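To keep things clear, I will list the structure first and then write my remarks on it.
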Amino acid sequence: MSIAKTYLPKEAEEKWYNYWLQHNFFRSVPDEREPYTIVMPPPNVTGVLHMGHMLNNTIQDVLIRRARMQGKNACWVPGTDHASIATEAKVVAMLKEQGISKADLTRPEFLKYAWEWKEKYGGIILEQLKKLGASCDWDRTRFTMDPELSEAVTDTFIHLYKKGLIYRGIRMVNWDPQGKTAVSDEEVIRKEVNQKLYYIKYKVVSDELSMMSESLATHHSPLSAHYLTIATTRPETIMADAAICINPNDERYLHLHGKKVFIPLINREIPVILDEYVTMDFGTGCLKVTPAHDLNDYELGQRHNLPVIDILNDDGTLNDKAQILIGEDRFAARKKIAVMLEEAGALDKVEEYKSQVGFSERTNAVIEPKLSMQWFCKMGEMAKPALDYVLNGEIKLIPEKFINTYRHWMENVRDWNISRQLWWGQQIPAYYLPNGQYVIAKTIEEALEQAKAIDPKFTVNDLTQDEDVVDTWFSSWLWPISVFDGFKDPDNADINYYYPTNDLVTAPEILFFWVARMIMAGHEFKGDLPFRNVYLTGIVRDKQGRKMSKSLGNSPDPLDLIEKYGADGVRVGMLLCSPAGNDLMFDESYCEQGRNFFNKVWNAFRLVKGWEVDDNLSNPNQIAIDWFGSRFNQALVEIDGDFAQYRLSEALMTTYKLVWDDFCAWYLEMIKPAYQQPIDRETYNSTIAFFENVLKVLHPFMPFITEELWHDELFGERTAMDCCIVAQLPINGEINARLLADTEMVKQIITQIRNIRNAKQISPKEALPLSVKSNSGVDYLTYKAIITKLGNISELTLVNDKVSGAGSFLVSTDEFYVPLNENVDPAAEAERIHKEKEYLNGFLKSVNAKLLNERFMSNAKPEVIEIEQRKKADAEAKLKILDESLSSLAN
RNA sequence: GGGAGUUUAGCUCAGCUGGUUCAGAGCAUCUGCCUUACAAGCAGAGGGUCACUGGUUCGAACCCAGUAACUCCCACCA
């Protein structure tokens with residue numbers, strides 16, 4: 001029977017994923033085993049898989065599969081997030097294409113469209129995750145707007161309101177004119193932008209000409225006495241100015257104290273006010289105060305009792321209060337007003353200027369500070385315990401460097417604006433009464449009851465529910481609890497069993513958005529932390545270090561990659577380039593390496609599969625078997641250590657080398673029978689057992705090929721449920737250190753023999769004799785079988801004297817001679833030995849320098865001194881042998 | 001402006017408490033091989049002033065100080 005030279009993943013992937021599903025291997029229900037739980041950071045319901053998801057979910061799947069194979073009850077809860085602003089924006093855009101405007105729809109009509117959209121596209125990303133091999137318990141799939149989860153949102157809102165942690169108030173908020181909603185501080189991304197700084201002249205209202213000329217005489221400011229000049233990046237907001245502010249200590253402007261000025265173009269009179277807030281050396285030292293459109297100006301306005309003139313509509317266009325350019329977009333208005341100012345002679349100059357501008361994280365629109373009535377959640381009280389969990393180590397952040405950032409944020413946390421002027425999401429459970437009061441209630445019936453307590457005359461018709469919905473994160477911060485119905489049914493078996501969860505794998509970008517708030521919610525609503533470890537992955541970047549993004553077009557399509565390299569290849573590729581806690585420079589070649597790796601495993605399988613066993617043979621290669629057994633156990637310890645520290649990349653690399661180098665390149669070569677020769681039963685059985693163990697350690701990284709091979713008859717009969725996915729990882733076994741060390745020497749011998757072949761152009765097929773002068777006492781005859789096989793040695797003999805005219809090398813202090821047909825050139829040999837001596841002498845010198853240094857001898861630890869002494873003795877022994885060789889060459 | 005981090009081979013990264021021949025791994029490169037498991041491979045080899053400058057120490061990639069470059073987070077200077 002011939003087996004394909006290369007493994008074709010596609011068919012196997014589909015077959016085994018379905019098999020796992022059918023046999024409920026991903027399913028988890030509470031039982032007596034130790035739970036291991038991960039809740040998946042829910043991707044946006046309308047999103048598609050990108051490289052960040054690939055990385056994230058590969059890591060989660062590796063952890064989950066490993067836990068499952070360690071006998072834990074592994075539960076990975078998948079789900080999606082309703083992502084209110086992003087989804088609503090998409091639905092609005094979709095409707096617009098159909099010629100439907102959101103404004104023409106009622107709330108229920110709009111929501112109907114939104115749900116249809118969700119039903120249509122909502123499952124895509126989860127389906128894509130299946131291609132990757134994600135072993136989630138799909139029966140537990142949740143959506144943040146599932147009825148139970150929405151109910152949890154309402155309940156927690158009420159809970160926090162009753163506790164006084166939620167309040168309503170007029171505040172300056174971050175307004176997204178595209179999404180037409182407020183967003184939280186965390187959802188504003190500041191970017192440096194090239195802007196223009198406009199210097200605009202405001203005419204001073206003056207009553208006496210004489211005073212003016214006096215000012216002219218005494219002040220040599222760049223400003224005309226008739227005017228003062230302000231600098232602004234936002235000339236379109238001058239119509240909303242309520243004052244000009246100067247620093248009272250600014251000597252240049254003493255003459256302006258108590259004056260008034262005209263706003264250019266509209267000629268409205270505003271006062272000049274004094275406040276030390278103004279920096280004298282920035283711009284002109286004159287600041288236009290626009291309380292409606294700047295947070296600082298707002299606060300300044302509050303202090304000075306200035307009116308708030310809001311000239312912007314919700315969509316960022318100018319309203320009639322602007323008097324001019326009504327209906328124009330703010331950016332169009334900016335350009336036009338610059339021209340108008342210029343024409344009016346009110347524009348002094350324009351400078352290039354770099355400054356930070358806030359953008360909406362979801363729509364990328366420029367954020368507009370806007371005064372509005374919003375709901376807020378107080379954070380201070382909840383932040384304290386959430387900070388403690390991390391500081392005292394109950395929750396570990398991996399890597400630890402994020403602790404500082406986390407602490408800084410938690411110590412400076414501001415209240416959270418939780419209301420959004422959207423329809424897609426959980427509507428705020430506030431009901432307004434005709435008298436302006438409101439009540440907070442779970443249902444309108446309950447609201448009515450409360451209303452009646454205020455005034456029995458109220459009816460349902462008097463109640464109006466708040467139009468707004470809560471921030472998406474106000475539902476996802478409940479995720480680790482709500483997916484287990486911990487609100488609806490706080491004492492149910494699931495929540496009691498799975499909560500707190502074990503590991504959370506997510507991106508550092510949402511440490512504050514989400515992770516911190518989940519910790520707060522966990523403490524507030526469950527009195528316990530939501531998870532014990534937070535693994536913060538890096539950002540997936542391209543080879544040049546740029547963040548992968550749609551607009552740059554530098555992100556490969558994950559599904560194409562899977563198509564090309566197989567899911568196993570892509571998984572390995574992702575992990576190969578993702579050291580713990582660092583960004584990863586992704587390159588397709590990593591996936592190629594992953595593919596090559598599973599192909600290597602496939603071919604090892606082909607080799608073993610082809611062997612015939614002869615029960616009459618009784619010459620097992622016991623040394624090889626013992627050695628690989630030890631080596632395997634040693635690798636297990638290393639892998640365990642890597643996982644314990646969440647060094648997944650290294651765990652994979654340790655596994656990679658174990659399989660490729662130790663198993664394939666060394667072990668299989670050691671025991672491989674000659675072409676078309678049978679193998680003995682014992683070696684065969686051991687090899688099969690090793691291979692099965694290899695499949696196990698590989699499985700978390702490469703689930704598909706390992707499951708495929710697992711079921712081959714090579715490994716014997718399998719029952720339906722006997723699958724690699726639930727096989728138990730081997731427990732750390734015996735490690736024979738001596739054997740491992742000796743084998744390393746044997747490997748060196750073989751490498752040296754190969755080197756001689758290379759140098760002398762001798763074919764590997766040509767058998768060579770080997771003589772050993774063992775000075776160390778190692779009995780090389782023990783390893784005769786391996787040395788003769790891998791070195792293709794015709795005869796291994798022990799000698800007491802040097803062999804002249806042969807190729808030679810040293811391993812440790814043992815001498816090896818390979819007699820060759822042609823005589824070795826003594827001069828060349830002498831040169832080689834001289835070089836080696838030179839190196840050893842240099843080495844010896846540095847060792848001696850230490851040993852002769854009194855301070856070293858008195859300060860260094862005894863074991864360090866001992867090591868140095870051993871080095872010295874070793875070098876001296878080698879030098880002695882080399883000298884002997886030299887003199888025997890001379891003879 | 002404040003804070004954190006990074007800098008080790010061509011690339012991506014290990015290097016844990018300062019002490020083995022400590023300067024490592026994988027990939028890439030080079031040389032030789034189509035050797036009956038695998039050319040997606042095999043065998044071998046060559047790559048480094050550990051960013052820079054000083055200091056501490058018997059001893060520094062590692063500790064300290066400073067410098068430079070890059071990255072991230074936070075922050076209301078128009």
Side-chain angles (χ1 to χ4, degrees), chain A residues 3 5-7 172 190 197 230-234 245 277-279 281-284 286-290 294-299 353 355-356 358 369 399 401-405 408-409 412 508-509 511-512 539 543 545 565 569 576-579 581-587 589-590 592-593 595-610 645 647 649-650 652-654 656-657 660 664-665 668-669 672 675-676 750-751 754-755 757-759 761 763-765 792 839-840 843 846-847 849-850 853-861 863-868 870-871 874-875:
Chain A
I3 312 167
K5 266 191 173 183
T6 49
Y7 164 68
M172 192 63 97
R190 294 190 185 276
L197 193 57
I230 59 97
T232 180
T233 54
R234 303 207 56 191
C245 189
Y277 164 76
V278 178
T279 319
D281 54 10
F282 185 89
T284 60
C286 297
L287 170 72
K288 78 188 207 49
V289 185
T290 319
D294 184 283
L295 178 59
N296 300 302
D297 291 9
Y298 176 71
E299 283 165 4
Y353 182 67
S355 76
Q356 299 279 327
K401 66 178 176 187
F402 287 106
I403 294 174
N404 283 330
T405 334
H408 184 262
W409 191 77
N412 296 285
E509 300 148 51
L511 187 58
F512 308 132
I539 295 165
K543 239 175 139 179
Y565 301 104
L576 276 176
C577 59
S578 68
N582 283 346
D583 286 359
L584 58 106
M585 308 298 161
F586 180 80
D587 185 80
S589 63
Y590 288 108
E592 201 177 323
Q593 195 182 345
R595 179 202 60 183
N596 294 355
F597 184 37
F598 70 59
N599 200 44
K600 184 73 186 174
V601 176
W602 175 255
N603 277 292
F605 161 75
R606 282 179 69 217
L607 173 70
V608 178
K609 178 85 174 164
Q645 295 175 75
R647 299 171 152 212
S649 241
E650 297 203 24
L652 171 59
M653 190 42 71
T654 307
Y656 180 93
K657 286 192 275 189
W660 198 308
C664 295
L668 289 180
E669 292 297 333
K672 176 166 132 182
Y675 181 54
Q676 288 192 332
I750 290 159
T751 300
R754 285 169 177 167
N755 267 333
R757 283 183 194 279
N758 255 350
Q761 306 267 2
S763 157
K765 285 179 188 164
N792 194 12
Y839 173 77
L840 279 168
F843 174 63
S846 78
V847 173
K850 281 190 201 174
N853 184 326
E854 253 176 64
R855 299 221 260 178
F856 172 76
M857 295 303 281
S858 53
N859 288 325
K861 280 178 275 183
E863 55 266 35
V864 173
I865 294 173
E866 206 177 302
I867 287 165
E868 293 301 317
R870 209 178 307 137
K871 277 152 72 174
D874 191 60

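In what follows, chains carry the letters A, B, and so on, assigned in the order in which the sequence lines appear, proteins first and then strands, with residues in each chain numbered from 1. On a predicted model such as this, the values are computed, not experimentally measured, just so you know.
Contact annotation: A:Lys5 side-chain N/O to B:A37 OP1/OP2 distance is not under 4.0 Å. For A:Arg234, no side-chain nitrogen or oxygen approaches OP1 or OP2 of B:C77 to under 4.0 Å. Using a 4.0 Å cut-off, no side-chain N or O of A:Asn603 falls inside it from OP1 or OP2 of B:G41. Taking side-chain N and O atoms only, A:Tyr353 has a distance below 4.0 Å to OP1 or OP2 of B:A78.
In terms of the side chain to side chain contact (heavy atoms under 4.5 Å, CB included) criterion, residue partners of A:Glu866 (sequence neighbours excluded) are, by chain and number, A:Arg870. Here A:Arg754 pairs with nothing under the salt bridge (charged side-chain N to carboxylate O under 4.0 Å, His left out) rule; sequence neighbours left out.
Residue-level contact check: A:Ile750 touches neither bases nor backbone, having no heavy atom under 4.0 Å from any strand. At a threshold of 4.0 angstrom between heavy atoms, the contacts of A:Thr232 are confined to the sugar-phosphate backbone, with no base atom among them. A:Val289 comes within contact range of no nucleotide atom at all, as no heavy-atom separation falls under 4.0 Å. Within the 4.0 angstrom heavy-atom criterion, only backbone atoms of the sugar-phosphate kind lie near A:Thr751; the bases stay farther away. Counting non-hydrogen atoms under 4.0 angstrom, A:Leu287 reaches a base of the nucleic acid. Base contact: A:Gln356 has a heavy atom under 4.0 Å from a base atom.
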Give me, pair by pair, the N or O atoms of the protein and of nucleotides 2-12 of chain B that are less than 3.5 Å apart, along with how far apart they are.
| residue | atom | partner | partner atom | Å |
| --- | --- | --- | --- | --- |
| B:U12 | O4' | A:Tyr590 | OH | 3.2 |

What nitrogen or oxygen pairs link the protein and nucleotides 27-34 of chain B at under 3.5 Å?
| residue | atom | partner | partner atom | Å |
| --- | --- | --- | --- | --- |
| B:C27 | OP1 | A:Tyr656 | OH | 3.4 |

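With hydrogens and angles disregarded, a donor-acceptor distance shorter than 3.5 Å links the side chain of A:Asn412 to the backbone of A:His408. No donor-acceptor pair closer than 3.5 Å links the side chain of A:Asn603 to the backbone N or O of A:Thr6. The backbone N or O of A:Asp281 sits nowhere less than 3.5 Å from a side-chain atom of A:Thr279 that would complete a donor-acceptor pair. Between the side chain of A:Asn599 and the main chain of A:Tyr7, a donor-acceptor pair closer than 3.5 Å is present.
The base of B:A43 lies outside donor-acceptor range of the side chain of A:Arg754, with no N or O pair under 3.5 Å.
Remark: RNA chain B forms stems of 3 or more consecutive Watson-Crick or G-U wobble pairs, all pair distances under 3.5 Å, at B:1-7 with B:68-74, B:10-13 with B:24-27, B:29-33 with B:41-45, B:51-55 with B:63-67.
Annotation: of the two residues near RNA chain B, A:Leu197 and A:Leu668, the 5′-most nearest-nucleotide partner is A:Leu668.
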Reading 5' to 3' through nucleotides 55-62 of chain B, protein heavy-atom contacts under 4.0 Å coded B for base, S for sugar-phosphate only, - for none: ---B----
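Nearest to the side-chain atoms of A:Asn296 among the listed nucleotides B:A14, B:C76, B:C38 stands B:C76. When distances are taken from the side chain of A:Cys664 to each of B:A37, B:C76, B:A78, the shortest belongs to B:A37. Closest to the side chain of A:Met653, out of B:A40, B:A37, B:G26, is B:G26.
One distance of note links CG of A:Asn792 with CZ of A:Arg757; it measures 5.0 Å at 0.5 Å rounding.
Atoms CZ (A:Phe512) and P (B:C72) sit 15 Å apart, rounded to a whole Å.
Taking the six-membered ring for Trp and thresholds of 30 and 60 degrees, A:Phe843 and A:Tyr839 have nearly parallel ring planes, at less than 30 degrees apart.
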